[in-house]
There are 6 protein chains.
Amino acid sequence: MDERILYPSFCGINTFLRAPYVKLDEIKEGDYVVSGVPYDVTIGTRPGPRYAPNAIREETRHFIYHLCAIDGEVIDVCTKKRMLAPPKEIVKDIGDIRVYPTDVCKTTDSVASTISKIVEKGATPVTLGGDHYVAYPVVKGFEDGFKKRMGRPVKIGYIHVDSHMDMYDENDTWGKYYQGSPARRISEFESVDLKNMVFVGLNGTTGVEGYDYAVNGGATLYTIDDIRREGIAEIMEKAIAIASKGCDTVYVTIDIDVLDNAFGCGTGCYVFGGITSVELLEIGSILGKAPIIGGVDMVEVSPPCDTTGSTTRLAASTLINFLKPRIFEFR
Amino acid sequence: MDERILYPSFCGINTFLRAPYVKLDEIKEGDYVVSGVPYDVTIGTRPGPRYAPNAIREETRHFIYHLCAIDGEVIDVCTKKRMLAPPKEIVKDIGDIRVYPTDVCKTTDSVASTISKIVEKGATPVTLGGDHYVAYPVVKGFEDGFKKRMGRPVKIGYIHVDSHMDMYDENDTWGKYYQGSPARRISEFESVDLKNMVFVGLNGTTGVEGYDYAVNGGATLYTIDDIRREGIAEIMEKAIAIASKGCDTVYVTIDIDVLDNAFGCGTGCYVFGGITSVELLEIGSILGKAPIIGGVDMVEVSPPCDTTGSTTRLAASTLINFLKPRIFEFR
Amino acid sequence: MDERILYPSFCGINTFLRAPYVKLDEIKEGDYVVSGVPYDVTIGTRPGPRYAPNAIREETRHFIYHLCAIDGEVIDVCTKKRMLAPPKEIVKDIGDIRVYPTDVCKTTDSVASTISKIVEKGATPVTLGGDHYVAYPVVKGFEDGFKKRMGRPVKIGYIHVDSHMDMYDENDTWGKYYQGSPARRISEFESVDLKNMVFVGLNGTTGVEGYDYAVNGGATLYTIDDIRREGIAEIMEKAIAIASKGCDTVYVTIDIDVLDNAFGCGTGCYVFGGITSVELLEIGSILGKAPIIGGVDMVEVSPPCDTTGSTTRLAASTLINFLKPRIFEFR
Amino acid sequence: MDERILYPSFCGINTFLRAPYVKLDEIKEGDYVVSGVPYDVTIGTRPGPRYAPNAIREETRHFIYHLCAIDGEVIDVCTKKRMLAPPKEIVKDIGDIRVYPTDVCKTTDSVASTISKIVEKGATPVTLGGDHYVAYPVVKGFEDGFKKRMGRPVKIGYIHVDSHMDMYDENDTWGKYYQGSPARRISEFESVDLKNMVFVGLNGTTGVEGYDYAVNGGATLYTIDDIRREGIAEIMEKAIAIASKGCDTVYVTIDIDVLDNAFGCGTGCYVFGGITSVELLEIGSILGKAPIIGGVDMVEVSPPCDTTGSTTRLAASTLINFLKPRIFEFR
Amino acid sequence: MDERILYPSFCGINTFLRAPYVKLDEIKEGDYVVSGVPYDVTIGTRPGPRYAPNAIREETRHFIYHLCAIDGEVIDVCTKKRMLAPPKEIVKDIGDIRVYPTDVCKTTDSVASTISKIVEKGATPVTLGGDHYVAYPVVKGFEDGFKKRMGRPVKIGYIHVDSHMDMYDENDTWGKYYQGSPARRISEFESVDLKNMVFVGLNGTTGVEGYDYAVNGGATLYTIDDIRREGIAEIMEKAIAIASKGCDTVYVTIDIDVLDNAFGCGTGCYVFGGITSVELLEIGSILGKAPIIGGVDMVEVSPPCDTTGSTTRLAASTLINFLKPRIFEFR
Amino acid sequence: MDERILYPSFCGINTFLRAPYVKLDEIKEGDYVVSGVPYDVTIGTRPGPRYAPNAIREETRHFIYHLCAIDGEVIDVCTKKRMLAPPKEIVKDIGDIRVYPTDVCKTTDSVASTISKIVEKGATPVTLGGDHYVAYPVVKGFEDGFKKRMGRPVKIGYIHVDSHMDMYDENDTWGKYYQGSPARRISEFESVDLKNMVFVGLNGTTGVEGYDYAVNGGATLYTIDDIRREGIAEIMEKAIAIASKGCDTVYVTIDIDVLDNAFGCGTGCYVFGGITSVELLEIGSILGKAPIIGGVDMVEVSPPCDTTGSTTRLAASTLINFLKPRIFEFR
Ligand SMILES: [Mn+2]
Ligand SMILES: [Mn+2]
Ligand SMILES: [Mn+2]
Ligand SMILES: [Mn+2]
Ligand SMILES: [Mn+2]
Ligand SMILES: [Mn+2]
Ligand SMILES: [Mn+2]
Ligand SMILES: [Mn+2]
Ligand SMILES: [Mn+2]
Ligand SMILES: [Mn+2]
Ligand SMILES: [Mn+2]
Ligand SMILES: [Mn+2]
């Protein structure tokens with residue numbers, strides 16, 4: 001164990017959970033590969049998510065103590081489950097993927113090709129956005145890498161946790177590739193069928209064109225009212241089942257603005273009446289326990305809007321909840 | 001449609017929902033007239049609400065996209081109701097009403113006469129405070145304009161959404177006209193009967209003199225405990241019924257400090273244990289659907305205290321929820 | 001009544017609830033003695049609680065108006081209980097206790113001896129931390145003073161309201177005396193039995209060594225899941241009963257990080273999924289009504305992290321809820 | 001005089017110096033036309049200048065009192081010159097020009113065509129950036145409009161006040177059109193000769209390719225050392241003379257990062273050792289008095305970096321110094 | 001020596017230089033009496049100075065160590081003068097004077113009568129504003145107390161250190177008693193002759209009515225250009241000489257906005273091109289050494305604008321420079 | 001060249017100038033070794049410097065573009081010197097050195113032994129504090145490593161750039177090892193003679209005991225008045241000459257509070273009347289050109305106080321000025 005894992009939280013070069021900072025070719029099968037996509041020129045509201053990758057990394061240092069710096073065992077006080085600490089050394093941080101702020105296409109290629117290589121090696125990408133546009137190149141790379149790994153056509157399910165559908169086709173200011181369209185673009189992938197696309201946390205109003213396109217194509221929409229009625233656990237289980245149906249793997253994108261803004265001020269495209277911090281944490285845990293989930297991202301965290309830091313912390317906590325069942329050995 | 005409505009949220013001169021910026025004499029019957037009263041010298045705690053009118057206007061730009069910049073239709077994902085977009089061009093912004101920081105009486109006259117003119121024309125005033133004192137001149141003008149419009153004595157109901165009663169008669173430091181007394185002053189109007197005054201969201205302690213005056217006079221008091229027990233929808237329906245009884249119209253004043261401070265840090269006179277963001281949004285929606293409501297204000301939003309911006313956003317969202325059923329055409 | 005109690009909240013030299021600023025030897029039996037321990041070098045996360053004593057004092061000024069500056073009576077709008085205002089003059093502020101940032105032992109002695117003198121006189125210490133380490137010297141002084149006052153060995157119960165157990169024995173960086181160990185150190189006191197130690201609000205993971213030590217020794221652990229299941233009132237009543245069993249008095253330490261971070265961003269060692277603001281207020285009220293509680297502290301409030309100010313306000317509100325039943329006369 | 005000009009600085013809808021908010025076709029010959037270009041995706045450092053147009057407008061309200069709200073005369077206490085107040089009604093605000101964050105070319109066309117129309121009418125554009133890239137489309141439109149107005153080929157001088165030359169030809173990440181290249185692109189215009197391009201305030205290091213291109217082509221470079229040696233007034237007079245030589249008009253672009261960062265923290269691409277606030281003000285005044293100057297912009301002001309607000313205030317003050325000799329009548 | 005003077009700067013109840021917090025009747029002849037006037041409703045720009053008294057007090061704690069907590073001697077490293085430490089116990093803090101935000105006249109009386117009592121006892125008032133309006137009631141009380149002490153009519157000189165003259169007679173929004181008029185009102189006092197009124201640091205434009213009134217009445221005006229030409233020391237010596245001429249005492253009011261805003265962002269009514277921090281410090285020192293100066297205030301410090309804290313620190317430093325030659329014993 | 005050096009400044013894992021992040025045993029002779037000492041419990045004022053190492057690293061990314069990401073040449077526009085870019089690969093970042101907040105001695109050993117190993121290898125330590133206490137363990141390690149490298153007793157000169165002497169022997173609260181004593185402790189080293197200790201930038205008052213000790217022992221003191229009189233370049237040349245006299249090497253410690261607080265708000269122990277940003281930059285450049293300087297540190301930068309970020313930027317700029325003549329090849 002590198003002694004530097006023992007340092008107090010305010011010390012040390014900043015990587016995700018103090019994971020080793022490696023190059024792409026050092027990735028191995030079974031790894032969980034954290035990368036950042038500091039890109040937000042495609043955001044319709046306030047810029048900021050470009051700062052999220054390093055901000056989320058920084059908040060993970062808070063977890064070092066209980067999760068990584070103890071040599072022996074930790075216990076979850078609620079479930080009373082015991083986990084061997086520190087976790088398996090399968091989390092790697094490759095830093096940020098190169099972006100081109102004035103060239104959306106070049107950025108798309110850069111991100112997609114990096115993610116493709118990670119997935120082709122049999123590793124799981126854990127991607128830190130960026131605005132929600134980045135889900136498009138990430139899933140593009142995910143599809144490409146997965147096909148290469150399998151050596152055959154694949155079927156990919158998709159869960160979109162968000163207050164918004166992001167199903168616009170084109171926008172007068174932003175064009176076809178921006179924060180409002182990733183789900184639409186992904187729905188056009190050959191490996192993705194609208195019937196395996198599930199939206200969780202929808203809230204507010206949206207344009208009817210994209211809405212009708214999704215509903216008529218067979219997508220499943222869970223609104224915040226559905227969550228209030230059935231509970232987040234129930235909804236997530238259904239979402240995983242529908243997204244998995246007939247698929248090789250499922251990709252999950254989490255837009256932090258699914259939170260009620262009073263629970264997470266640090267995002268540009270705000271909503272009130274969304275889910276709570278407890279519910280988001282539970283989404284992380286449930287996804288972590290579902291082996292079919294092959295990739296995840298956390299987008300739209302905006303440190304300049306996050307004046308309390310609480311949203312960034314919650315994003316880090318949610319990703320760690322996702323990783324916990326996968327990187328720890330339980331007894 | 002003015003092309004400027006298509007601009008991203010960080011662009012453009014700042015009016016409420018990008019409504020036209022007009023002079024008082026351009027107001028027409030049926031309009032919803034937004035004005036600001038940037039006044040807070042009557043606040044007992046920390047100054048700040050003088051900045052609220054422009055701050056709330058700024059946050060409404062966030063809604064431009066889904067509500068105004070789409071040519072066709074939008075859908076509410078929860079209710080599945082479809083609305084024609086953009087809304088009817090009946091929202092107008094007259095900017096701020098003149099105030100005199102060192103002269104409370106002159107400010108009272110300035111505000112009251114402006115609101116009176118709006119109401120006399122048959123338009124609905126949507127007023128952005130300011131501290132809660134401004135409700136007094138606003139309701140004064142509301143009464144005056146309504147009498148002129150009707151050409152006869154009128155009866156006005158009054159709903160006070162607030163953690164506090166604001167029923168003090170006089171204060172040793174502030175005198176008779178300040179943040180703590182508007183409901184008392186309004187109770188003295190000839191058109192207002194204590195039996196039509198309803199308080200929603202009361203919480204904490206208050207002086208007994210004002211409390212006894214209100215209760216003995218027949219006012220209705222719904223505390224936060226009542227809301228916890230019966231639900232906000234039920235309480236609001238009752239409040240509207242009681243305030244409307246025998247009245248021509250009902251005026252509603254919303255003090256943002258009715259929120260639990262953890263849900264809305266941006267106000268000076270804080271309370272914990274108040275309502276949540278979801279409940280405040282619902283108040284806005286319920287009021288919007290009640291045609292008897294003839295005027296509304298939002299007070300005590302304090303941008304300097306609102307370090308996350310979340311409270312100002314929620315104030316804007318609540319007012320838009322009030323306006324939605326009134327300015328959109330549904331199909 | 002000192003006229004200065006009438007001043008608006010932004011005026012005046014800053015003491016707790018504008019209590020008189022006195023020296024230790026002016027304390028009398030029955031007093032509630034506020035002191036600050038601006039110490040945080042023992043914090044494993046971000047420094048900040050050293051600023052909490054003055055920040056909490058400052059927020060208490062908000063309560064002056066309804067609680068202190070009225071000559072007559074105030075009423076609680078929910079319970080409809082009437083209290084004589086202003087309160088009895090038994091709250092005193094002795095300012096801050098001397099600390100030695102580079103010398104933990106000397107600080108321990110300084111704090112313990114001051115608290116001991118307060119308790120020996122028959123007064124109740126209300127201590128403003130500081131990080132959670134300060135609970136150790138405070139309870140040490142509490143035990144010592146209480147023994148002196150009684151002139152015999154005593155039995156002290158202990159309630160630890162916190163997301164964390166703070167039961168570590170030793171840490172590689174911080175040693176034996178730091179934020180993570182106060183409950184362990186207190187468990188070693190002669191007057192304290194693990195069977196009278198109750199933890200309320202536990203959440204997340206912890207090292208097994210301390211956990212097993214506590215559980216095997218007979219300590220009671222209430223997790224956030226227990227609170228969700230049974231309600232905070234029920235849990236607190238049980239906690240008081242268990243801590244009181246066979247004891248002369250009970251000491252309560254409240255670590256503000258028991259809150260979900262979305263309800264209280266202003267603390268260094270954050271947790272999501274903790275209790276809400278309403279629940280913390282209720283803890284304050286329940287403790288205030290239990291005469292066996294002989295001392296209380298509020299720790300880990302971190303003003304530099306508290307960018308909204310809301311956490312500091314809630315800390316002040318909770319302590320005032322504790323004091324209300326003790327310093328007011330009800331009718 | 002619109003009464004709204006009398007309002008305190010914290011009131012009112014926000015336009016530049018409370019100028020009328022007009023549409024492009026209301027512009028007249030002789031007007032000073034303020035517009036914003038809220039664009040910063042072409043910035044290599046931290047986004048922020050997209051917020052500058054409204055932030056600069058807001059700071060101009062500070063000047064309302066002494067400059068606009070007095071009916072009669074004001075006096076400059078240092079020069080003892082008397083000016084008739086309020087100023088001539090020739091300042092107009094057309095709001096912001098439409099931008100396309102993900103499409104640099106479309107933005108270029110939008111900005112250039114708007115500025116062209118202003119200049120063609122014989123008005124003077126006063127443009128609020130945006131990052132320094134926006135100088136390229138602005139000068140492009142300036143050239144186009146000026147040619148149309150004159151009905152013949154023209155010669156345009158160019159003064160670039162900046163710590164940086166912005167003479168890069170192409171960048172690996174940003175391409176040819178970004179913050180680092182506007183002077184290069186402008187040097188390629190048919191109406192602009194490198195011999196009439198003057199740089200004022202250069203500081204630090206730069207790539208040799210662009211440097212040699214400029215120097216070899218005959219551009220004039222005044223570094224901060226030249227300013228320290230000769231004084232800003234002397235340097236500016238020389239700069240105007242060189243830029244004017246044989247030209248019909250001169251365009252001036254001011255990059256706020258010409259300031260030492262200690263005098264202006266609110267910009268992304270910081271420099272220490274730059275000019276002081278007093279020197280920047282003097283640049284504004286000297287330019288205002290030179291009738292050959294036909295257009296000016298202020299770029300790289302970054303409100304999110306400007307935590308003190310002082311940089312934005314200084315930008316507003318400098319532009320007002322430019323306008324003063326042109327919009328006031330002196331006696 | 002109270003041990004509390006040894007505390008680190010982040011500890012302890014907050015008084016000016018940790019002076020004793022006393023009541024008005026404990027003041028003795030020869031004392032330096034600090035009081036706050038937390039009043040800013042008379043400010044034409046942004047509210048904030050109401051927070052200055054406590055903020056300035058807080059910054060004085062920084063000086064405790066070198067000035068107060070050493071038992072023996074300190075040395076000024078530049079002048080090599082040695083001073084006996086701690087200083088004489090003649091600094092007293094009476095807290096804040098009562099203010100009435102909605103009643104300017106009542107506030108005037110409250111402030112004037114308190115200052116009068118201080119001066120009547122032969123003590124020197126050191127007053128912490130508040131906006132510049134507070135200079136009016138302070139000087140009113142100063143005149144009254146001084147007359148009572150002397151038992152005869154008196155002559156008072158007045159030095160106004162400010163970028164602005166504050167010589168307006170009446171303002172359409174604010175009336176006769178506000179931030180822009182204190183020098184005008186003071187010029188009307190019977191003990192004050194315009195020929196003994198000196199303005200130091202004037203900058204920018206002002207209305208001609210007040211300007212002509214002052215100049216024609218014989219007031220002396222030193223602009224920033226005069227300071228640049230002659231040096232601040234020379235100007236201050238002249239100012240003291242003119243103000244003293246034929247007078248019993250001289251009162252000095254210091255408006256912090258005399259600073260260039262780049263040297264002091266923390267004030268509402270900003271100016272660029274003003275004096276530097278070094279020059280303001282020198283003003284404090286020079287005044288301290290002139291025994292004729294019988295009272296001083298520091299106004300317009302605005303903590304909410306002072307995001308760096310630097311302006312408040314400089315205000316504290318300047319006042320301490322004023323006090324140093326008066327409260328220390330030199331060897 | 002690692003492609004990651006081309007990334008925009010907001011991307012990438014954060015090391016000093018994007019230097020390789022290496023372990024101690026990868027250091028080679030001739031390297032410049034950056035390390036952080038995130039320690040500030042020994043600070044008498046406000047905590048914060050523990051955050052400086054990462055904050056300074058982050059600001060160095062700003063320089064990547066002109067200094068590192070260009071393949072070829074850059075030119076200094078003032079001196080017209082051309083440098084080959086990118087620089088030689090001799091800058092290395094070893095991250096932070098382990099610290100023990102509650103154990104000053106253990107921290108001292110940890111820091112000293114790390115620095116010793118760097119120096120023993122023939123590399124130059126560039127250390128990022130931490131408060132000024134850290135200069136003591138750093139110079140201790142510097143002496144030790146240098147002796148080991150030379151294999152004989154050595155003589156070390158010492159330049160202390162600071163507003164303060166830091167020559168206290170012992171303090172009642174902090175003891176012998178804290179922010180106020182490093183120069184005293186260093187003066188006791190066997191390799192350091194007071195006659196080779198030079199202080200640059202002294203300002204304000206200090207206790208006489210330390211002052212007399214230094215002066216009587218032969219130390220050289222340059223105050224801010226000396227700098228104003230002779231210029232910073234002259235003073236620095238003298239300082240280097242005196243510190244070098246008869247010495248093998250010279251160590252330089254730079255306390256950022258040598259700046260006037262208006263030029264650098266981001267430090268805890270503030271001074272007004274200190275040096276300017278231009279002067280500090282010049283200190284960096286002069287030191288870089290003096291080959292005798294064998295080690296340097298930058299201390300007391302406090303990011304939580306540095307609300308503008310400007311102080312941290314200036315610290316980074318100054319260190320880069322030190323490195324420039326040493327890591328670049330000039331033509
Ligand atoms: Mn989304
Ligand atoms: Mn979304
Ligand atoms: Mn209210
Ligand atoms: Mn209220
Ligand atoms: Mn704890
Ligand atoms: Mn805890
Ligand atoms: Mn530029
Ligand atoms: Mn530049
Ligand atoms: Mn003034
Ligand atoms: Mn002024
Ligand atoms: Mn130092
Ligand atoms: Mn220092």
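All values derive from a computational prediction rather than experimental measurement. In what follows, every chain begins at residue 1, and chains take the letters A, B, ... in the order their sequences are listed.
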Participant: Side chain, backbone, both or neither: which part of D212(E) has an atom under 4.5 Å from a heavy atom of chain D?
Facilitator: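 Side chain only.
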Participant: Which region of T173(E), side chain (C-beta onward) or backbone (N, CA, C, O), has a non-hydrogen atom less than 4.5 Å from a non-hydrogen atom of chain D, or is it both or neither?
Facilitator: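 Contact with chain D is through the side chain of T173(E) alone.
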Participant: Which region of L314(D), side chain (C-beta onward) or backbone (N, CA, C, O), has a non-hydrogen atom less than 4.5 Å from a non-hydrogen atom of chain E, or is it both or neither?
Facilitator: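 Both backbone and side chain.
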Participant: Tell me, side chain or backbone of L67(D) under 4.5 Å from chain E's heavy atoms, or both, or neither?
Facilitator: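 Side chain of L67(D) only, per the 4.5 Å heavy-atom cut-off to chain E.
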Participant: Considering only heavy atoms, which portion of Y211(E) lies under 4.5 Å from any heavy atom of chain D: side chain, backbone, both, or neither?
Facilitator: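 Y211(E) touches chain D through side-chain heavy atoms alone.
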Participant: Can you check side-chain contact (heavy atoms from CB on, under 4.5 Å) on T206(E) and I75(D), steps first, answer last?
Facilitator: CA-CA 5 Å; T206(E) 190; I75(D) 184 168; 3.7 Å; yes
Participant: Go through the atoms of T308(D) and report whether side chain, backbone, both or neither lie under 4.5 Å from a heavy atom of chain E.
Facilitator: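 Both the backbone and the side chain of T308(D) come within 4.5 Å of chain E.
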Participant: If you compare all heavy atoms of G44(E) against all heavy atoms of F10(D), which two are closest, and at what distance to 0.1 Å?
Facilitator: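 Shortest heavy-atom separation between G44(E) and F10(D) comes out as O-CE2, 4.4 Å.
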Participant: For the residue pair Y270(E) and H62(D), categorise the inter-ring angle as parallel (less than 30°), tilted (30 to 60°) or perpendicular (more than 60°).
Facilitator: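 Ring orientation, 0 to 90° scale: parallel.
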Participant: Tell me the closest heavy-atom pair linking D225(E) and C78(D), and the distance in Å.
Facilitator: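 Heavy atoms only, the tightest pair is OD2-CB, 3.5 Å.
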Participant: In this structure, are over 12 heavy atoms from other groups packed under 6.0 Å from K81(D) atom NZ?
Facilitator: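 Check fails, neighbour count at 12 or below.
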Participant: Quick one: do T205(E) and D76(D) satisfy side chain to side chain donor-acceptor pair (under 3.5 Å)? Show the steps, please.
Facilitator: CA-CA 4 Å; T205(E) 52; D76(D) 181 308; over 6 Å; no
Participant: Is there a donor-acceptor pair under 3.5 Å between the side chain of T223(E) and the backbone N or O of V77(D)?
Facilitator: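 Absent.
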Participant: Side chain, backbone, both or neither: which part of R82(D) has a non-hydrogen atom closer than 4.5 Å to chain E?
Facilitator: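 When you check distances to chain E, only side chain atoms of R82(D) fall under 4.5 Å.
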Participant: With only heavy atoms counted, which part of A85(D) is less than 4.5 Å from chain E, the side chain, the backbone, both or neither?
Facilitator: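 Contact with chain E is absent: no heavy atom of A85(D) under 4.5 Å.
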Participant: Can a side-chain donor-acceptor contact be found between S277(D) and D260(E) if the only test is distance below 3.5 angstrom?
Facilitator: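 Yes, because at least one side-chain N or O of D260(E) sits under 3.5 Å from a partner of the opposite role on S277(D).
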Participant: Evaluate the criterion side-chain contact (heavy atoms from CB on, under 4.5 Å) for residue pair F272(E) and R313(D); output intermediate values, then yes/no.
Facilitator: CA-CA 9 Å; F272(E) 288 96; R313(D) 285 172 211 141; 3.6 Å; yes
Participant: Report which part of E282(D) has an atom under 4.5 Å of a heavy atom belonging to chain E: side chain, backbone, both, or neither.
Facilitator: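 E282(D) has no heavy atom closer than 4.5 Å to chain E.
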Participant: For S310(D) and N261(E), work out which heavy atoms get closest and say how close.
Facilitator: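 Smallest interatomic distance, heavy atoms only, reads OG-OD1, 2.7 Å.
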Participant: Can you tell me if K80(D) has over 12 outside heavy atoms packed within less than 6.0 Å of its NZ?
Facilitator: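 Above 12, so yes.
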Participant: Among M165(E), E209(E), R46(E), which has the most heavy-atom pairs under 4.5 Å with chain D?
Facilitator: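 Greatest number of close heavy-atom pairs with chain D: R46(E).
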Participant: Taking atom NZ of K176(E) as the centre, report whether more than 12 heavy atoms of other residues, nucleotides or ligands fall under 6.0 Å from it.
Facilitator: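 Yes, enclosed.
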Participant: Is D172(E) in contact with chain D via its backbone, its side chain, both, or neither, using a 4.5 Å heavy-atom distance?
Facilitator: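 The answer is the side chain of D172(E).
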